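By convention here, the first residue in the shown sequence is residue 1. Basis for what follows: all heavy atoms, side chains included, without hydrogens, waters or symmetry-related copies. Since the model is a prediction, treat every value here as computed from it, not as a measurement.
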Amino acid sequence: VTAAAPMVVMAALQSPLAPPREHIVLKLLVDCSGSMGGDSIASARIALRGVLAGLTEQDQVSISRFGSSVKHVVAPAACTPLNLRRLQVAVDAIDADLGGTEMASALEATFGLPLPPDIMGADVLLVTDGEIWQAAPMISAARASGHRVFAIGVGSSPAEAVLRSLAEATGGACEFATPGEALEAAAARMLVRIRQQPWHDVRIDWGCEPVWQTAVPNGVFGGDTVIAFAGLPVPVAAPTVRLLARDCDAVVTELARGEADAPCAADALPRIAAARRIATVDEGQALELAVAYQLMSRHTNCILVHERADA
């Protein structure tokens, strides 16, 4: 809270399902590096089986697996009953036997798989434990490819920040599941997102011009909750907040509206908002926010003083 923005608000808006696309081109990319051994690769097989169960004859799909190298198991093909049986056999044979995790080259190779002449872009569904580095070049290549990346992070410690950045930068989505969770359900939710017509120019109308606001994800899908923060120039008793977007015909549509007033005592909400803002501002502003709101971050140090007993 500052003099310029004396009121901080949070919006949590759930968008409705968008109209489905007639067909999709889906490129499945599964991590088969050594770190995926055991429960993680078993969970990946379960997730892929769930995806295959939701495909129709109008769709096209490919399967690639990667580690130190990338192997295209099944090239893009129509999802006929015969091809789906072949895909099921290929999924059952997947194992964590490809060494290290060279995700950047695997993504580029998958982006390069040929598309039907009438298709402008495809979607990549990535299943990985996320033990990866050098995120920035990988995210730039993904954005330039025209593909959306949807990621399912499996295992006990996937690289959440990298996978989430990769998905959001391309207009995709990201989910995480530990071994033993219902991976079929996560895969089914991803397929629902992939099938939806994408919303464009998604934004939040705060009822007035905010002093600052956090970004809305590039990919907004029906059933998901969009959470954003803003600093308002004047206190408002019960602000009306709307989630707006353009559909495929460029018509502005109201996806959701929030009018509830739930005051948050003390400084919890401004501190949460400041933590979100740190990731989107420059170094100087990030340091100012971290110090002003006493946040642990890469811009600040945390000093612990332990007073020992005299003895």
Which residues pass the side-chain contact (heavy atoms from CB on, under 4.5 Å) test with Ile303, not counting sequence neighbours?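 Once residues adjacent in sequence are excluded, the partners of Ile303 under the side-chain contact (heavy atoms from CB on, under 4.5 Å) criterion are Val305.
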
Looking at every non-hydrogen atom in both residues, tell me the closest pair between [X] and [Y] and how far apart they are.
| X | Y | result |
| --- | --- | --- |
| Ile227 | Ala12 | CG1-CB, 4.3 Å |
| Cys79 | Leu84 | O-CD1, 3.8 Å |
| Val202 | Val220 | CG1-CG2, 3.7 Å |

Charged N to carboxylate O under 4.0 angstrom, [X] versus [Y]?
| X | Y | value |
| --- | --- | --- |
| Asp95 | Arg65 | no |
| Asp97 | Lys71 | no |
| Arg21 | Asp123 | yes |
| Glu175 | Arg189 | yes |

Decide yes or no for Val61 and Pro76: does some side-chain heavy atom of the first lie under 4.5 Å from some side-chain heavy atom of the second?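 No, their side chains stay 4.5 Å or more apart.
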
Within the structure provided, determine whether Leu29 and Leu107 are in side-chain contact (heavy-atom separation under 4.5 Å).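 Result yes, sub-4.5 Å side-chain heavy-atom pair found.
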
Side chain [X], main chain [Y], donor-acceptor under 3.5 Å:
| X | Y | answer |
| --- | --- | --- |
| Asp282 | Gln285 | yes |
| Arg193 | Asp224 | no |
| Asp31 | Ser33 | yes |

Could you list all the ring-ring contact (aromatic ring centres under 6.0 Å, His included) pairs where at least one residue sits in residues 222-255, not counting sequence neighbours?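 Not a single pair qualifies under ring-ring contact (aromatic ring centres under 6.0 Å, His included).
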
Taking only residues at least two apart or on different chains, which pairs with a member in residues 161-172 satisfy side-chain hydrogen bond (donor to acceptor under 3.5 Å, both in side chains)?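 Residue pairs passing side-chain hydrogen bond (donor to acceptor under 3.5 Å, both in side chains), neighbours aside: Glu160-Arg164.
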
List the steps and the verdict of side-chain contact (heavy atoms from CB on, under 4.5 Å) for Val51 and Met190. CA-CA 8 Å; Val51 171; Met190 280 299 187; 6.0 Å; no

